[in-house]
> 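Mind having a look at this structure? Questions to follow.
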Amino acid sequence: MKYFSVLLLIVAVGFAGCNFGQLDSWSRAFYMTETNSSPRAIDLNKDGVPDIVLGAGSKEFSPTDAAVLALNGANGDLLWKVAGRNQMVGSPIFQDITGDGVPDVFIGGRSAQFLAINGSNGHVLWEHRKADASWVSHQDTTMLNFFNPQFIPDQNGDGVEDILTAFGGYVYALPNEFQRPAGMLMVIDAKSGKVLKKSNVPDGKETYMSPVVYNFGKGPTIIFGTGGETIQGSLYALPLSDFMTSGTAKSQKIYTMQSKGFIAPPVITDVTSDGLADIVVSSMDGHIMSFNGKNFSMIWSKAIHPDAETQSMPSPVYFDNDKVPDFFNTYNLGKWPANQTAIHVIVSGVNGRELFRDTLGKLNFASAVQVDYNDDSHLDLIIPENTESMEGNFPKNKTQLMGYDGKTGAKTPLDSLYTGMILGSTPLITDLDADGKADVIYTYQTQRNEIFGYNYLVIKRMELDTKIGHNTWGGYMGTNYKSVFKP
């Protein structure tokens, strides 16, 4: 696969009533490459500027020389890339295991790919499982998918935090095929890649949810989900210590959905104002609900629409006048995989009451992030919008980065309208050059022809002429990548 580095001229655009002058910006395009991973920032070349790392790939089930990409945060130049046998759909986490002072990269993806990569040069330090002669492409039911990992306290005494991740999701199965391989939770030694513990989820269902670890007062606890787009599933809690001794046998079932599962990870935050964190989570069947962190009892539940589905995680925002965070999320109307219209809804964190609803384009799996883009001292939401229009006899997908005012819900375009699509890549809000101004790192895919397919993956840095301020939800699974929201 060829790699093309394309420097695109970014033109400053002013919007009435807002200050959106683009300052330090760059854009890079990668030929015949796609992504469902979300960008994250870490300094890999020791220049003091965080660099950008994300998963990528070619068509699903196809080998690629661009499964993981690392870009220079200062100018977008490629630092290194890593090949893969399929798409790398997870987002990376970082820890130095080589002792060279540069964080190393840990990332998972389709076809049982999980890699530790030397952050300095892109060399693979270890790989969970290499494909051998027995692997028959995507039809091998043991080659499932790894999702977003989490670091956990050192489990084997080597002084390095270890890794918790989920392994599951037989993506080759048709929607009406309900007998699928069971998903599992897995703890991996970060230093060597050795599996320290693995166990099937307790209900034997598939799993897609990236697990979250949080101490609700009795030690680190894993929150994980099962089920999928068409398969029933449940939300569970499990002390990490119990998992390491007896697998998932002691899991506490928090809630079970009747027809679909839990795919998007939860948000851990306090919605009861008791000083203790609670759980807010969306289910695939278009519900959003909260559970008390003391005992995991339900606080409230809201059904968004009879035909709604979501694979996006809720984003906290203070939309009403109380001190409890509210929650913004995207719901796709229709039945997977034929979803079309996307609606965006904000519900109250106190009781789940709907505060705001809007229709915004078509299918979207990305989650919203926050920054005060209009300098009114109130955090706003940023999310991609996908639309479709006819040009001649052919449909054209269009995509645009959109801002939602955190007080009123009013929409404002933040960048140009491009021919292409953003599907499952959540933007990143950061400050690469430490100038106090917000950088938005986001991706989109350009449409290859009038019918189907995408030509380039574009990764873009867009600096806004607005202060980054107190940014509390800056990327997929939050600013700290742990799904924890602490205002």
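For reference, positions follow the sequence shown, starting with 1.
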> Among Ser425, Ser38, Pro427, which residue satisfies the side chain to side chain contact (heavy atoms under 4.5 Å, CB included) criterion with Thr443?
Ser425
> Evaluate side chain to side chain contact (heavy atoms under 4.5 Å, CB included) for Ser367 paired with Thr426, printing each intermediate quantity in order.
CA-CA 5 Å; Ser367 300; Thr426 295; 3.7 Å; yes
> My understanding is that only residues two or more places apart in sequence, or in another chain, count here; which of them pass side chain to side chain donor-acceptor pair (under 3.5 Å) with Asp439?
Arg461
> Going from CG on Leu360 to NE2 on His344, what distance comes out if it is rounded to the nearest 0.5 angstrom?
4.5 Å
> So how far is it from Phe365 CZ to Ile422 CD1, rounded to the nearest 0.5 Å?
14.0 Å
> Answer yes if the side chains of Asn364 and Thr330 hold a donor-acceptor pair under 3.5 Å, and no otherwise.
no
> With Tyr418 as reference, evaluate Tyr444, Tyr442, Tyr456 under the ring pair (Phe, Tyr, Trp, His ring centres under 6.0 Å) test and give the passing residue.
Tyr444
> According to the side chain to side chain donor-acceptor pair (under 3.5 Å) rule, which pairs have a member within residues 315-326, sequence neighbours left out?
none
> Which pairs would a plain distance check flag for residues 255-263, meaning a side-chain donor or acceptor within less than 3.5 Å of a matching protein atom at least two apart in sequence or in another chain?
{"residue": "Thr256", "atom": "OG1", "partner": "Ser234", "partner atom": "OG", "Å": "2.7"}
{"residue": "Lys260", "atom": "NZ", "partner": "Glu309", "partner atom": "OE2", "Å": "2.4"}

> May I ask you to check whether Phe114 and Phe167 place their ring centres under 6.0 Å from each other?
no
> Considering residues at least two apart in sequence or located in another chain, which fulfil the side chain to side chain donor-acceptor pair (under 3.5 Å) criterion with Thr221?
none
> Restricting to ring-ring contact (aromatic ring centres under 6.0 Å, His included), what partner residues turn up for Phe151, sequence neighbours left out?
Phe106
> For Glu206, what residues pass the side chain to side chain donor-acceptor pair (under 3.5 Å) criterion, not counting sequence neighbours?
Arg180, Tyr208
> Under 4.5 Å between any side-chain heavy atoms of Asp435 and Glu463, yes or no?
yes
> Just to verify, which of Phe328, Tyr404, Phe327 counts as forming a side chain to side chain contact (heavy atoms under 4.5 Å, CB included) with Ile346?
Phe328
> As a quick check of understanding, evaluate side chain to side chain contact (heavy atoms under 4.5 Å, CB included) for Met209 and Val281, giving each step before the final call.
CA-CA 11 Å; Met209 178 186 281; Val281 65; 4.2 Å; yes
> Who passes salt bridge (charged side-chain N to carboxylate O under 4.0 Å, His left out) against Arg357, sequence neighbours left out?
Glu354
> Would you sort out whether Lys467 and Asp375 count as a salt bridge (Lys or Arg N to Asp or Glu O under 4.0 Å), showing the intermediate values?
CA-CA 7 Å; Lys467 295 179 182 178; Asp375 283 332; over 6 Å; no
> Could I get the full list of salt bridge (charged side-chain N to carboxylate O under 4.0 Å, His left out) partners for Lys398, not counting sequence neighbours?
Glu391
> Looking only at heavy atoms, which two atoms of Ile97 and Ala190 are closest? And how far apart?
CD1-O, 3.4 Å
> Would you check if Phe296 and Ile279 make a side-chain contact, meaning some heavy-atom pair closer than 4.5 Å?
yes
> Using salt bridge (charged side-chain N to carboxylate O under 4.0 Å, His left out) as the criterion, list what pairs up with Arg40, not counting sequence neighbours.
none
> With a 4.5 Å cut-off on side-chain heavy atoms, are Asp405 and Asp376 touching?
yes
> Nearest 0.5 Å, what's the OG1-NZ distance between Thr33 and Lys59?
11.0 Å
> Enter the distance from Gln445:CD to Thr35:OG1 here, rounded to the nearest 0.5 Å.
7.0 Å
> Within a strict 4.5 Å, meaning less than it, do heavy atoms of the Asp47 and Asn72 side chains meet?
yes
> With sequence neighbours excluded, what pairs up with Thr207 under the side chain to side chain donor-acceptor pair (under 3.5 Å) test?
none
> Are Tyr236 and Phe224 an aromatic pair, judged by ring center distance below 6.0 Å?
yes
> Between Asn148 and Tyr476, does any side-chain donor sit less than 3.5 Å from a side-chain acceptor?
no
> For the CE atom of Met32 and the CG atom of Leu457, what is their distance to the nearest 0.5 Å?
12.0 Å
> Quick one: salt bridge (charged side-chain N to carboxylate O under 4.0 Å, His left out) partners of Asp358, sequence neighbours excluded?
Lys411
> Just by distance, no angles: are the side chains of His287 and Asp285 close enough, under 3.5 Å, to form a donor-acceptor pair?
yes
> Dump the intermediate steps for salt bridge (Lys or Arg N to Asp or Glu O under 4.0 Å) on Asp77 and Arg28, then the final yes or no.
CA-CA 8 Å; Asp77 287 349; Arg28 289 292 180 270; 3.0 Å; yes
> Is any side-chain heavy atom of Val345 closer than 4.5 Å to a side-chain heavy atom of Ile288?
no
> What pair of heavy atoms forms the shortest contact from Pro103 to Leu44, and how long is it?
O-CD2, 3.5 Å
> Is the closest side-chain heavy-atom distance between Leu54 and Ile441 below 4.5 Å?
no
> Mind checking whether Leu414 and Val440 have side chains closer than 4.5 Å, heavy atoms only?
no
> Indicate the atoms forming the closest heavy-atom contact of Asn295 with Ser297, along with that distance.
OD1-OG, 2.7 Å
> Out of curiosity, Ile52 CD1 to Lys460 NZ, how far, rounded to the nearest 0.5 Å?
14.5 Å
> Is any side-chain heavy atom of Lys437 less than 4.5 Å from a side-chain heavy atom of Leu464?
no
> Taking side-chain contact (heavy atoms from CB on, under 4.5 Å) as the definition, give me every residue that meets it alongside Asn329, ordered by chain and number, with sequence neighbours left out.
Ser282, Thr310, Ser312, Pro314, Tyr331
